[in-house]
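This report refers to the structure that appears directly beneath it.
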Amino acid sequence: MRAAGKLTAQICEQIAAYICPGMTTAEIDRFAAGLIKKHGVKSAFLGYRGYPGNICVSINEEVVHGIPGPRRVRIGDIVSLDVGVVADSFYGDMARTVMIGVTDPAVIGLVEAAEKALYAGIAKAAADNRLSDISHAIENCAGAAGFSVVRQFVGHGIGQSMHEEPQIPNFGRPGKGMVLKEGMTLAIEPMLNMGRPEVDILGDGWTAVTRDRKPSAHFEHTVAVGREKAEILTSL
């Protein structure tokens, strides 16, 4: 899991550095495919339940699962990358939202709050805490910053499959759910909306967009539950 996570982080960071105004999300995906091949791993997403891309690329009002295509990146956009790889039968999963020349304070605040919410959740991924302690920390952080949390999509267990139990909502009361045990591996992934939490699925069957079409930001790390604190596996 450590090896898969590190490779996922390397690939995600290289993709984030590659993005520039004018390129299409399909071009970003082709670059990602080249990196995945170069590192000798496989995309965890390509072909998963019929998904056609190597990674997910979601812009502005697109929350998650954006299928790479002809849409072009523009100055002022936020681009959410979701990258998953399989290395020696183990999975890594990571997401981050990249700001492309963003100057709008509200959008900057959204992205910063989403990343802060991720780390608030990770801080609760310690042995003997409850699963919903992670959820509550994320929701609290988002609400304190004035943003809503998407409820339709959740974090998840991860290991030799992309999606394993347990599901990890990004909202809820603390002290509920299973007791966390040292060595559990989880993908924690808050998605914060500038407006309301509701989302719609577009006609492609994958791309989730905010119902009010306001911006959304997404961050994710694969972590291992530790005795005192979590180990972030998708870090460089």
Side-chain angles (χ1 to χ4, degrees), residues 1-19 25-59 62-69 79-98 114-115 118 121-122 125 134 150 152-170 184-191 201 204-208 216-225 230-236:
M1 289 295 290
R2 288 189 179 99
K6 187 170 184 179
L7 286 166
T8 304
Q10 289 173 346
I11 291 167
C12 187
E13 292 302 314
Q14 288 178 275
I15 298 168
Y18 173 75
I19 300 172
T25 55
E27 289 174 307
I28 297 170
D29 188 67
R30 284 195 292 271
F31 179 74
L35 288 176
I36 291 168
K37 182 177 180 180
K38 178 182 176 181
H39 284 279
V41 294
K42 294 182 179 180
S43 166
F45 300 161
L46 183 62
Y48 179 77
R49 297 182 179 176
Y51 184 76
N54 293 279
I55 63 172
C56 301
V57 188
S58 308
I59 298 179
E62 295 173 345
V63 178
V64 71
H65 302 157
I67 296 176
V79 183
S80 294
L81 303 171
D82 196 350
V83 180
V85 307
V86 190
D88 294 327
S89 300
F90 289 92
Y91 283 72
D93 193 8
M94 177 180 183
R96 61 173 293 188
T97 298
V98 182
E115 185 171 23
L118 169 62
I122 291 173
I134 297 172
V150 172
Q152 190 166 332
F153 300 101
V154 299
H156 50 90
I158 185 171
Q160 290 188 286
S161 298
M162 170 58 72
H163 294 106
E164 299 181 350
E165 291 297 324
Q167 292 193 344
I168 311 169
N170 294 309
M184 286 180 172
T185 46
L186 309 172
I188 299 173
E189 53 176 324
M191 302 164 202
I201 308 300
D204 60 23
W206 283 100
T207 308
S216 182
H218 178 203
F219 281 86
E220 176 183 22
H221 271 309
T222 297
V223 307
V225 175
E231 176 185 352
I232 299 175
L233 303 178
T234 43
S235 64
L236 296 176

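Values reported hereafter were calculated over all heavy atoms of this structure, with side chains retained and with hydrogens, waters and symmetry mates removed.
Atoms NZ and CG, from K6 and L233 in turn, are 12.0 Å apart once rounded to the nearest 0.5 Å. Taking CD1 from I36 and CG from D29, the interatomic distance works out to 7.5 Å, rounded to the nearest 0.5 Å. In this structure, the separation between OG on S89 and NZ on K42 is 9.0 Å, given to the nearest 0.5 Å. Once rounded to the nearest 0.5 Å, the distance linking CD of Q14 with NE2 of H39 reads 4.5 Å. One finds the OG1 atom of T222 at 9.0 Å from the CD atom of E189 (value rounded to the nearest 0.5 Å). Expressed to the nearest 0.5 Å, how far CG of L118 lies from CE of M191 amounts to 11.0 Å.
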Step by step, work out the side-chain contact (heavy atoms from CB on, under 4.5 Å) result for Y51 and C56. CA-CA 9 Å; Y51 184 76; C56 301; 3.5 Å; yes
The test is side-chain contact (heavy atoms from CB on, under 4.5 Å); show your working for I11 and I55 and say whether it passes. CA-CA 11 Å; I11 291 167; I55 63 172; 5.9 Å; no
side-chain contact (heavy atoms from CB on, under 4.5 Å) evaluation trace for V57 with V79: CA-CA 7 Å; V57 188; V79 183; 3.7 Å; yes
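Pairs passing the salt bridge (Lys or Arg N to Asp or Glu O under 4.0 Å) check and including a residue from residues 80-96, sequence neighbours excluded, read E13-R96.
Contact detail for I168 and V154: the closest heavy-atom pair is O-CB, 3.4 Å. In terms of heavy-atom proximity, A33 sits nearest to N54 at CB-ND2, 3.5 Å. Residues M1 and Y91 come closest through the heavy atom pair CE-O, 3.4 Å. Nearest approach of I201 to F153, heavy atoms of both residues: CD1-CZ, 3.9 Å. Here the shortest heavy-atom pairing between G53 and P68 reads CA-CD, 4.2 Å. Between F90 and Q160, the shortest heavy-atom distance links the atoms CE2-CG, 3.5 Å.
Below 30°, between 30° and 60°, or above 60°: for Y48 and H163 the angle between ring planes is between 30° and 60°, a tilted geometry.
Checked against salt bridge (charged side-chain N to carboxylate O under 4.0 Å, His left out), E62 has the following partners two or more places apart in sequence or in another chain: R71. Residues satisfying the side-chain hydrogen bond (donor to acceptor under 3.5 Å, both in side chains) criterion with T185, sequence neighbours excluded, are absent altogether.
Checking side-chain atoms of T97 against main-chain N and O of H218 turns up a donor-acceptor pair under 3.5 Å. Between the side chain of H221 and the backbone N or O of T234 there is at least one donor-acceptor pair closer than 3.5 Å.
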